[in-house]
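Here is the structure we will look at, set down as C-alpha cells.
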Amino acid sequence: MLVFSDSHNNYIICISIRNYRDQQMTIFTLEELKNTITLFSSVQADFWSENSIVALEHNNHKTGCILNVSGDQAEDIEIQWTSTVVKNAYKEEKKFIEKSAEAISFFLCRTYTEFNIIEESCIGTGVDYWLGYDEGHKLYDPFNFLTARLEISGINKETATNTVASRVKVKTKQTAPTDDTSLPAYISIVEHSTPKAHFSKK
Amino acid sequence: MKDIRSIHGRAMEFMRLAKEDLENRNKESYLNNTQKAFDLEREAAYALLSNFDSEPTRSVLFRSAANLAYNLGQYEASEKLIYQALSGTPHAEIKAELLSLKDSIDLAYGLEFSTNDITEYSYIGLIKENAVNLKVEPKTDRYSKAVVIDSIVDFLKNVQTSYKNFAEVLFKKAFNEDDFPNFDNALTNFKRDSNLLMVDLKFQSFGVALVADTSIMNYAFDNTKKFTDFRSTIFDGFKKDVLYADLNSEQFHREISEKYTENERNRIYTAIATTLDSKSEYRVSITDHNFKYKVKDLPTINKKTISFLKPKIAKLEEPEREFVIKKTLELTDTEGSKRTKLQTEFLSYAEFSITISNIKHKELAIEIYFMDPYNLKIVFENNSFSINDPYFEILVENKDFKDIQKLYEIALGEKYLILSNLQEPVIDEKSLFDRMNGSFLVS
C-alpha cells in the first residue's frame, strides 16, 4: 500500500480500517433480539429491545455506540438500533434499566455461551432466568433442560459505591461456591452510562 | 413421553398473565391464572419425581411450583413440593431458596395468613418495584450508627409533606374548574389519596422503601383518560424533581424556575429542605432495592439553594383568621326560658353528629333514600369543617358549617353515578357500589 500516492494511500487505509471493523467487531442489533432468544414471543422480545433503546438514549447514546465488555472475554461490541421509541410508556428508570440489562445480557449469553435463554421460573412474585441447550444440540437433555442460572444486574450510572466491579464482587460472594454442589451460573452486569458490561461464569 | 419443557413454558405463560392481573388489581383472574400456572408447573415437576440426576431442572421446577402454591395460600401443597425437591440433590443455592420458602410458610401459618393476605402481600411486592429506597444515617457517631427516632419521624414527615404538596401543585396545574363537576371536591379527594406508602424496611441504620400507589388502588374517584394519564406521572415526577434532583446545580435552578412559581416551590420544597439543611442531624441517601448499594446521596443544600427553594414571598393578602367554636352551657327551664349562663368554652376541635335519611338536590340527577338513617360525624378542626366517611370513601371539607352536609350529599350522589356507569369496575369499586346499593335506594 505504501507505493501508492498519498491520496490513494489514504483511500486504501480508510477502506482497510472499515473492513477490519466490519470483520472484527460484534454487533448487537437490538431489534434482532426476537431472532436471538427464540423461546420467547416476539412481543416479549420487542418489549425488552425497546427498554434497551430507552435506557441507552436516556444516557444520550446513539445507535452505533460501543459496549465495553469485560469478564471471561474482553471485547468492544457495537450496539445498533433503528426504531424510534415513544418514551411516554417508559417513565420509570429503575424498570427500563433492569429490562435493558436483561436484553443486553441475553445477547451476551448467546454470543459467549452455547446456551439459549430457556424460560423463567417462579421465585416469590418475581422470576429468575435459566439457560439451556437448544433441542438440536448434542448435549440437550429433555429431562434436564435448565442447565445454568443467569444472574442479571442493571446499573444506570456508576457511583462511588455502586460499580460494576462491586456488584460482581457481591454476586460472586453471594453463595460462596466452594464445592461441586454449587449451581452453574453466569453473572451479567450491565452499566448504561458508559456503556459497559461484565459477563462471566460464576 | 411428556414434553416437560413445553408444560413448564405454558405454566410460565399463565404466570405472566397472573402478574398482569395483579397489576390491574383483578384478584379473581389473578388467582385463576396462578392456579393454572401452578397445575402445569406441578405436572412438569412431578414428571421428574424419580429423575434424581436431572438437577438443577428437577429442584427448580419443584421450587417454582411450590412458590406458586404459596402465592395461592395452598401451604400444605407448597410444603409437600418443597420436601419433594429436597428429597433429591438440589444445588446449595436452590436448597437455600427452598428452605427460605419453608420459613415463609411457617410465618404464614403462625400469622394465620389467608389466600387474600398472601395476594395483598403480592400486591405490595408489585408496587415495591416502583419504590425509592432511602437510607437515613446520623451525621455524628454520638449513638454509634443508630438513628434517633426524632430524625426518622422528621424525615418521614418531611418527605410525605413534600410529596403531598407536590401532588397538589401538579393537580392544580393540570386541571381547572371545567374538568370536574365540583373542583374542590375533586381536589379534596385527590389530596386524601396522595400518600406515600412504606413497603419495605431495613433496621440496620434505617432504610425505608417509599412508593405512592398512583395506578392500582388509589384515585378511584375519576377514571377519565386525562386523569388516569396524569396520576401515573405524579410519583415519577416527584422522584425526578425532588429526590433524584441535583438540588444545588445552576441547571436545576434554571429548569425548576421555569416549571414552578415561587409559591409552588415553597409548597414543594420547604419541608424536604429542612431535612437537607446543613443543620439537620441526619443525612439521606438513595440505595438499590436491597439497601445494599448506595445509588445517590441526597445533597446537603447550600444557602443559595435554600433561598431558591424557599423564596421569601411578600404577603400581600391578609393572613387567614383563625376561628374557634364557642360553646356555652346555660341553665333553662324545659321551655328554654329563664336562661342563666353557666360556662363558656372556646374549642379548636369539635365533633357534631348528623343523621341523613333522604338526599334530594337540584344539582343531583338522582334522589337517594336510605333504608336506615345514616349517621355521620362533622369535625371542626384547623379552621374548617369536614366529613370523613370511610364506608362510602368520601371526604369533604368546607369553611361553612351550613354547606358541609350538602357537599357530602352531592359527593355521595356523584360517586354513585360514576360507579353505576363504570363498564369494567375493579373489585374495590364493585364492592363500594354493592355497599351503596345495600344501604340506600335510588330513583
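Values in this document were obtained by computation on a predicted structure and should not be read as measured data. Naming convention: chains lettered A, B, ... in sequence-line order (proteins, then strands); numbering from 1 in each chain. As a basis for the values below, the full set of heavy atoms in this structure was taken, side chains included, without hydrogen atoms, waters or symmetry mates.
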Report which part of [X] has an atom under 4.5 Å of a heavy atom belonging to chain A: side chain, backbone, both, or neither.
X	result
Asp288(B)	side chain
Leu48(B)	side chain
Lys95(B)	neither
Leu101(B)	neither

Name of the residue among Ile117(A), Ile104(A), Ile37(A) meeting side chain to side chain contact (heavy atoms under 4.5 Å, CB included) with Cys109(A) |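 Passing option: Ile117(A).
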Under the salt bridge (Lys or Arg N to Asp or Glu O under 4.0 Å) criterion, do Glu13(B) and Arg16(B) qualify, and how do the steps go?
-> CA-CA 5 Å; Glu13(B) 195 57 50; Arg16(B) 276 191 286 275; 2.9 Å; yes
Would Glu75(A) and Tyr112(A) count as having a side-chain donor-acceptor pair, cut-off 3.5 Å?
->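 Yes, side-chain donor-acceptor contact under 3.5 Å.
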With sequence neighbours excluded, what pairs up with Thr147(A) under the side chain to side chain contact (heavy atoms under 4.5 Å, CB included) test?
->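 Partners of Thr147(A) under the side chain to side chain contact (heavy atoms under 4.5 Å, CB included) test: Phe115(A), Tyr133(A).
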